[in-house]
Amino acid sequence: MSLPSNQKENHLFSNYPYWAECFGTAPFLPMSREEMDQLGWDSCDVILVTGDAYVDHPSFGMAVMGRMLESQGFRVGIIAQPDWNNPDDFTKLGKPNFYFGITAGNMDSMINRYTADLKVRSDDAYTPHGEPGKRPDRAVIVYSQKCREAYKDVPIVIGGIEASLRRIAQYDYWSDQVRRSVLIDSGADILLYGNAERAIVDLTHALAQGRNVSDLTDLRGTTIVRDATPEGWSEVDSTRIDWPGRIDEIPNPYEMKDTETMSCSTNGDAAEEESEDSDVMPVKIVPMPLHRKADLDPETTVIRLPSFEKVRNDSALYAHASRVLHQESNPYNARPLVQKHGTREIWVNPPPIPLETDEMDSVFGFQYQRVPHPSYGDAKIPAYEMIRFSVNIMRGCFGGCTFCSITEHEGRIIQSRSQESVINEIEEIRDKVPGFTGTISDLGGPTANMYHLNCKSPEILKNCRRLSCVFPGICKNLKTDHSATTQLYRAARALPGIKRVAIASGLRYDLAVKDPEYVRELVTHHVGGYLKIAPEHTEMNVLNKMMKPGMGTYDAFKRMFDKFSKEAGKEQYLIPYFIAAHPGTETKDMMNLALWLKRNKFRVDQVQTFYPSPMALATAMYHSERDPLHRMSYKSKKMHIPRKLEERRLQKAFLRYHDSRGWPALREELKRIGRTDLIGSGPNALIPAEDEVASTRHQRPGFKPKSGAAKRKGGVQAKAGPRKRR
């Protein structure tokens, strides 16, 4: 889908390449001076510092950004997983000509290291051999400080998901406090958020032309530090929650409307004359409740969020700021945001314009080697092993799930590749990637089935402020025809040497049921016995806070799934994922979910406990006990938050009702809430009584059925491979 010509930005590849284009394409972006010498480079224009091992593959951010800049004619080096205690690691490629580009990697460094229960993980999937401890906590801050120590005069540009989700003041689960924007804490010069191809291209060409990074104040998808709102702009004041009944325009501190107020001047006439002749336009301040009535130019209007100091001390204001930020997420109507941090202002420019299909094709069509850098030898990098035979066909997600960070980072407008581009990549995997046996492990992205699904109307899209296109119901303006995906599946299966194409990305089943032909195609050819889907919960009061559909949609999809599986002569099962301890979830909700699991003969082994990731709406719920999906008020009823570790573990035990290790805690809780009828051996019991445990010790808590075993043994053990990280 194309937008009106006046809404389009410059094409991603419209810049004239930098002179270093003459060096051509590097086999691998260099990680040492020796490699730079082999390429004939005396220096790097840009050096990317990353917390991940360097894998030259389009699923790894540093490879995409590096190859993107290389295509623009710049020389790019990579410092991967430097020892932050060794200053020499940050100088081994020399001084970059333009800047250091810093990212924690494909994952937030804190989520990468700590579980939802704040335990240290035993491995790191983005490191050779899965070895832990190869990146520091808050890697963006640490790497930025080390680069600044190495070369004080080199600009520092931060990006990636860790920086993206910390662009304003954000609740930090690990310290249980609100932290400042990472731009302040890192001391970086500029932050790029979201998918940053446009921003990094414009930024680098501007620096190559001799501009100063401090002058680049209006790049989309960037966050900068300013001293004050520019003159001539209008500020929408959104620093409060409850406004008085009568609201007047806030007096402008820079404007003197009454000449009597000028009497303190030694020469009133001279002051008045100076005011009339001055070209300085004061900042206009408009209260949030009046901003729709005010005649404001969207090109020079900024929304003022509550300051860092206010949101740090007032959780309701924090939730309010989160609500405003998410409402300003559509790149076609979003306004800049400003948030005071002490004496400085964090200025967030509108999100980047999504890539067009031909631009996406070019990004994924760079000459990636599709393997780790040779310096790693035969070491296995778990994250690479997982995705080396998979293909990313799109970006973005319009689901808007409150606990998920995909929409905050990639946006809700779907950016899709062409079928030709995807087919070319499959052929490249077949012909180049070592160990390929004929199976494409995934054809998807953030979701399996949003490929080429967009708003039917460019004009409606341009003006829309909905946080989700599918909640509380599927928008009538959303295209739900999956024919492009169905055709892609058929074309991929027909390629010589391709034996099977699996779909491992999570399926949005509320969309899938709108296109039975797609479900038939998926179930018949692309499900290898099990299909992962994510209802997340069964209770509507919880699902509403997640912005997820009710279980009626799940039931409709299951009927369709079972029907097409039977027609195909296959015995196949759905593997549902659920979340424990989501904000708003109470014991009775988890009890009802556990009863649903037992009725449907599910014994889930892999469960997810809610993890408050920075900037997510559910994280604002967790911190504030309020629902930012609705207008904030100090009078609003607070929601229940499963905050204590004991309660979080109890909710997880309900999900794993079949695991005897959780039975003692479940018995106590069921007694407390008056549901002793669920303890015992009857058909409606959830767990056995204590005196019945001895007779069941010989039974394993869960099993993986073979063909036909589910019906004979009475259960499906819902256990599959690692879930895509949110």
Side-chain angles (χ1 to χ4, degrees), residues 167-169 180-181 183-184 189-191 212-244 246-265 268 270-312 314 317 320-325 327-331 333-351 465:
R167 54 187 181 264
I168 64 170
R180 300 183 299 182
S181 165
L183 186 58
I184 297 288
D189 295 281
I190 191 169
L191 182 156
N212 193 296
V213 68
S214 62
D215 297 331
L216 306 178
T217 60
D218 59 352
L219 294 181
R220 282 182 166 271
T222 65
T223 302
I224 60 173
V225 176
R226 274 186 153 153
D227 294 328
T229 300
E231 296 165 348
W233 279 65
S234 299
E235 276 190 12
V236 175
D237 182 4
S238 185
T239 60
R240 312 185 202 180
I241 294 176
D242 294 325
W243 289 81
R246 176 181 174 82
I247 306 172
D248 298 316
E249 186 169 332
I250 298 174
N252 194 321
Y254 303 103
E255 187 175 19
M256 305 177 79
K257 297 182 179 179
D258 188 347
T259 56
E260 291 181 4
T261 62
M262 302 172 63
S263 59
C264 61
S265 172
E272 184 174 349
E273 182 179 351
E274 181 180 347
S275 175
E276 291 175 354
D277 293 342
S278 175
D279 292 330
V280 174
M281 295 294 291
V283 176
K284 182 178 181 180
I285 302 175
V286 179
M288 173 62 88
L290 299 179
H291 82 282
R292 296 187 186 280
K293 298 179 181 179
D295 184 18
L296 301 177
D297 181 358
E299 297 297 319
T300 54
T301 298
V302 63
I303 297 181
R304 178 167 291 282
L305 300 176
S307 69
F308 159 68
E309 290 77 14
K310 286 185 177 181
V311 299
R312 178 185 57 188
D314 187 336
L317 276 177
H320 167 70
S322 177
R323 173 178 170 82
V324 174
L325 180 140
Q327 288 176 331
E328 298 296 326
S329 61
N330 184 342
N333 60 29
R335 293 158 291 191
L337 304 173
V338 63
Q339 184 179 51
K340 185 176 286 293
H341 284 55
T343 59
R344 291 178 289 181
E345 304 270 28
I346 289 294
W347 183 283
V348 182
N349 283 307
R465 290 188 180 273

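Basis for what follows: all heavy atoms, side chains included, without hydrogens, waters or symmetry-related copies.
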Kindly compute the distance separating [atom1] ([X]) from [atom2] ([Y]), expressed to the nearest 0.5 Å.
{"X": "L325", "Y": "I168", "atom1": "CG", "atom2": "CD1", "result": "4.5 Å"}
{"X": "L296", "Y": "K284", "atom1": "CG", "atom2": "NZ", "result": "5.5 Å"}
{"X": "D314", "Y": "E309", "atom1": "CG", "atom2": "CD", "result": "13.0 Å"}
{"X": "Q327", "Y": "R335", "atom1": "CD", "atom2": "CZ", "result": "9.0 Å"}

Indicate yes or no for a side-chain donor-acceptor contact from [X] to the backbone of [Y] under 3.5 Å, with no hydrogens or angles considered.
{"X": "R226", "Y": "V338", "value": "no"}
{"X": "H320", "Y": "S238", "value": "yes"}
{"X": "N349", "Y": "T217", "value": "yes"}
{"X": "H341", "Y": "I184", "value": "no"}

So which heavy atom on [X] is nearest to which on [Y], and how close?
{"X": "L219", "Y": "T222", "result": "O-OG1, 2.6 Å"}
{"X": "T239", "Y": "L317", "result": "O-CD2, 3.5 Å"}
{"X": "P351", "Y": "A334", "result": "CD-CB, 3.6 Å"}
{"X": "A321", "Y": "V311", "result": "CB-CG1, 4.2 Å"}

Enclosure of D227 CG (heavy-atom neighbours >12, cutoff 6.0 Å):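 Not buried by this count: 12 neighbours or fewer within 6.0 Å.
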
For E345, which residues count as a salt bridge (charged side-chain N to carboxylate O under 4.0 Å, His left out) partner, sequence neighbours excluded?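 Salt bridge (charged side-chain N to carboxylate O under 4.0 Å, His left out) check on E345 returns R304, K340.
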
Counterpart residues, salt bridge (charged side-chain N to carboxylate O under 4.0 Å, His left out), relative to R465 (two or more places apart):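 With neighbours one apart ignored, the set is E328.
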
Among T300, V302, I285, side-chain contact (heavy atoms from CB on, under 4.5 Å) partner for T229: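 Of the listed residues T300, V302, I285, the side-chain contact (heavy atoms from CB on, under 4.5 Å) partner of T229 is V302.
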
Check each of V213, L216, N212, L183 against D189 using the side-chain contact (heavy atoms from CB on, under 4.5 Å) test, and report the only one that passes.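 Going through V213, L216, N212, L183 one by one, the side-chain contact (heavy atoms from CB on, under 4.5 Å) with D189 is satisfied by V213 alone.
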
Can you label the angle between the W347 ring and the W233 ring as parallel, tilted or perpendicular, going by 30° and 60°?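 Because their plane-to-plane angle is over 60°, the rings of W347 and W233 count as perpendicular.
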
